[in-house]
Amino acid sequence: MAGIQTLCSIGRAKLKVIGLNPQRLSYESEVRVPGAPTWVGMDYQKTGLGERRTRIEARTAPHVFGGLDALDWLIQHHEAQETVNYIRLGSGYLGQNRGEVSIRALYYDETKLHPVDGVGRIVDVEIDLVHLGDLS
């Protein structure tokens with residue numbers, strides 16, 4: 001399976017075309033702009049960037065495509081509260097380092113449990129990343 005393309009990685013967890021496959025990526029960023037009332041309206045002051053987050057939804061059918069190894073790595077990084085690199089495939093098949101992240105929240109659920117090993121035939125994963133430094 002050396003030819004399987006990695007779409008993004010979070011630490012040692014590789015999300016691939018075949019395996020734990022990213023289905024949706026969402027980004028969230030905020031700028032802090034507190035306001036204070038004045039006689040003529042509101043006065044706003046830009047006080048800097050707030051939190052930046054990336055949310056990834058991924059899915060696999062482990063009995064067909066594998067992918068539980070990536071989920072195991074995500075669980076280990078999350079429970080150890082590790083800071084890891086988030087790398088995403090970019091144009092021209094070059095990986096883009098999106099900076100250091102921590103896995104704030106990790107959700108996964110299994111449906112249609114297999115009768116032989118009890119593992120879900122479909123495994124859905126949601127990864128909530130918080131960016132800890134500047135985006136590259």
Side-chain angles (χ1 to χ4, degrees):
M1 295 203 153
I4 308 274
Q5 188 167 7
T6 299
L7 298 173
C8 67
S9 66
I10 303 162
R12 297 190 69 175
K14 309 294 185 220
L15 282 65
K16 300 181 176 195
V17 173
I18 297 177
L20 188 57
N21 181 261
Q23 303 287 304
R24 175 179 293 168
L25 286 88
S26 304
Y27 301 96
E28 179 182 342
S29 178
E30 66 179 28
V31 175
R32 292 184 301 266
V33 187
T38 67
W39 291 107
V40 293
M42 292 290 289
D43 180 32
Y44 293 98
Q45 181 178 7
K46 298 177 185 173
T47 61
L49 283 175
E51 193 170 72
R52 287 170 294 130
R53 295 171 48 194
T54 298
R55 192 169 135 258
I56 301 172
E57 294 177 22
R59 171 178 272 189
T60 189
H63 296 93
V64 178
F65 299 117
L68 293 183
D69 56 334
L71 178 56
D72 288 341
W73 278 115
L74 290 169
I75 292 168
Q76 287 181 43
H77 290 319
H78 175 63
E79 290 179 352
Q81 302 176 40
E82 294 175 336
T83 298
V84 297
N85 287 320
Y86 168 47
I87 300 171
R88 180 168 178 210
L89 182 68
S91 63
Y93 303 103
L94 296 175
Q96 298 174 341
N97 185 356
R98 302 300 294 157
E100 292 184 332
V101 297
S102 185
I103 301 172
R104 169 173 289 159
L106 178 65
Y107 309 93
Y108 56 94
D109 57 58
E110 304 174 43
T111 56
K112 301 181 181 177
L113 302 182
H114 195 283
V116 174
D117 60 8
V119 174
R121 293 180 189 192
I122 303 291
V123 177
D124 290 305
V125 179
E126 276 186 42
I127 309 144
D128 185 5
L129 303 175
V130 61
H131 292 264
L132 302 177
D134 292 335
L135 286 177
S136 301

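Hydrogens, waters and symmetry mates are skipped; everything else that's a heavy atom, side chains included, is used. Residue numbers run from 1 in the order of the sequence given.
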Using a 6.0 Å cut-off, check whether atom CZ of Arg12 has over 12 heavy atoms from anything other than its own residue.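 Result for CZ/Arg12: open.
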Around atom CD of Gln81, are there more than 12 heavy atoms from other residues, nucleotides or ligands closer than 6.0 Å?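 No, CD of Gln81 has 12 or fewer neighbouring heavy atoms, counting only those of other groups under 6.0 Å.
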Intermediate values then yes/no, side-chain contact (heavy atoms from CB on, under 4.5 Å), Leu89 and Gln5: CA-CA 9 Å; Leu89 182 68; Gln5 188 167 7; 3.2 Å; yes
Measure the [atom1]-[atom2] distance between [X] and [Y] for me, rounded to the nearest 0.5 Å.
X: Glu57; Y: Asp124; atom1: CD; atom2: CG; value: 8.5 Å
X: Arg53; Y: Ser26; atom1: CZ; atom2: OG; value: 10.0 Å
X: Cys8; Y: Leu25; atom1: SG; atom2: CG; value: 6.0 Å
X: Leu20; Y: Ile127; atom1: CG; atom2: CD1; value: 6.0 Å
X: Trp73; Y: Lys14; atom1: CH2; atom2: NZ; value: 9.5 Å
X: Leu68; Y: Ile75; atom1: CG; atom2: CD1; value: 9.0 Å

What residues, two or more places apart in sequence or in another chain, satisfy salt bridge (Lys or Arg N to Asp or Glu O under 4.0 Å) together with [X]?
X: Glu51; value: Arg104
X: Arg32; value: none
X: Asp72; value: none
X: Glu126; value: Arg55

Consider only side-chain heavy atoms of I, L, V, M, F, W and Y, link residues closer than 4.5 Å, and tell whether Val31 and Met42 are in one cluster.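 Hydrophobic grouping puts Val31 with Met42.
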Is it the case that one hydrophobic cluster holds both Val119 and Leu71, taking links as side-chain heavy atoms less than 4.5 Å apart, direct or via other members?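 As far as the 4.5 Å side-chain criterion goes, Leu71 and Val119 are connected within one cluster.
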Measure across [X] and [Y] and return the closest heavy-atom pair with its distance rounded to 0.1 Å.
X: Val33; Y: Lys46; value: CG2-CG, 4.4 Å
X: Ala13; Y: Ala70; value: CB-O, 3.5 Å
X: Gly120; Y: His63; value: O-CE1, 3.8 Å
X: Gly66; Y: Thr60; value: O-OG1, 2.6 Å
X: Leu74; Y: Ile103; value: O-CD1, 3.7 Å

Only one of Val130, Leu132, Leu129, Thr83 passes side chain to side chain contact (heavy atoms under 4.5 Å, CB included) with Val101; say which it is.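 Per the side chain to side chain contact (heavy atoms under 4.5 Å, CB included) rule, the option paired with Val101 is Leu129, out of Val130, Leu132, Leu129, Thr83.
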Would you mind reporting whether [Y] and [X] have side-chain heavy atoms less than 4.5 Å apart?
X: Leu7; Y: Val17; result: yes
X: Ile56; Y: Ile10; result: yes
X: Arg98; Y: Thr54; result: no

By side chain to side chain donor-acceptor pair (under 3.5 Å) - contacts of [X] (at least two apart):
X: His114; answer: none
X: Ser102; answer: none
X: His77; answer: Glu82
X: Arg121; answer: none

Side-chain heavy atoms under 4.5 Å apart, restricted to Ile/Leu/Val/Met/Phe/Trp/Tyr: what other residues fall into the cluster of Leu113, or is it alone?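 The other cluster members (ILVMFWY side chains, heavy atoms under 4.5 Å, direct or chained): none.
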Please write out which residues are connected to Tyr107 in a hydrophobic cluster, directly or through intermediates, given that two of Ile, Leu, Val, Met, Phe, Trp, Tyr count as joined at side-chain heavy-atom separations below 4.5 angstrom.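 Noted: Tyr107 shares its cluster with no other residue.
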Please report the C-alpha distance between Val125 and Leu106 in whole Å, then the side-chain angles of each, then the deciding distance to 0.1 Å, and finally whether the side-chain contact (heavy atoms from CB on, under 4.5 Å) criterion is met. CA-CA 7 Å; Val125 179; Leu106 178 65; 3.9 Å; yes
Mind jotting down which residue pairs meet the ring pair (Phe, Tyr, Trp, His ring centres under 6.0 Å) criterion with at least one end in residues 10-61? Sequence neighbours excluded, please.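 Not a single pair qualifies under ring pair (Phe, Tyr, Trp, His ring centres under 6.0 Å).
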Tell me every residue that passes side chain to side chain contact (heavy atoms under 4.5 Å, CB included) with Gln23, counting only those two or more places apart in sequence or in another chain.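 Gln23: side chain to side chain contact (heavy atoms under 4.5 Å, CB included) contacts with Asn21, Arg59.
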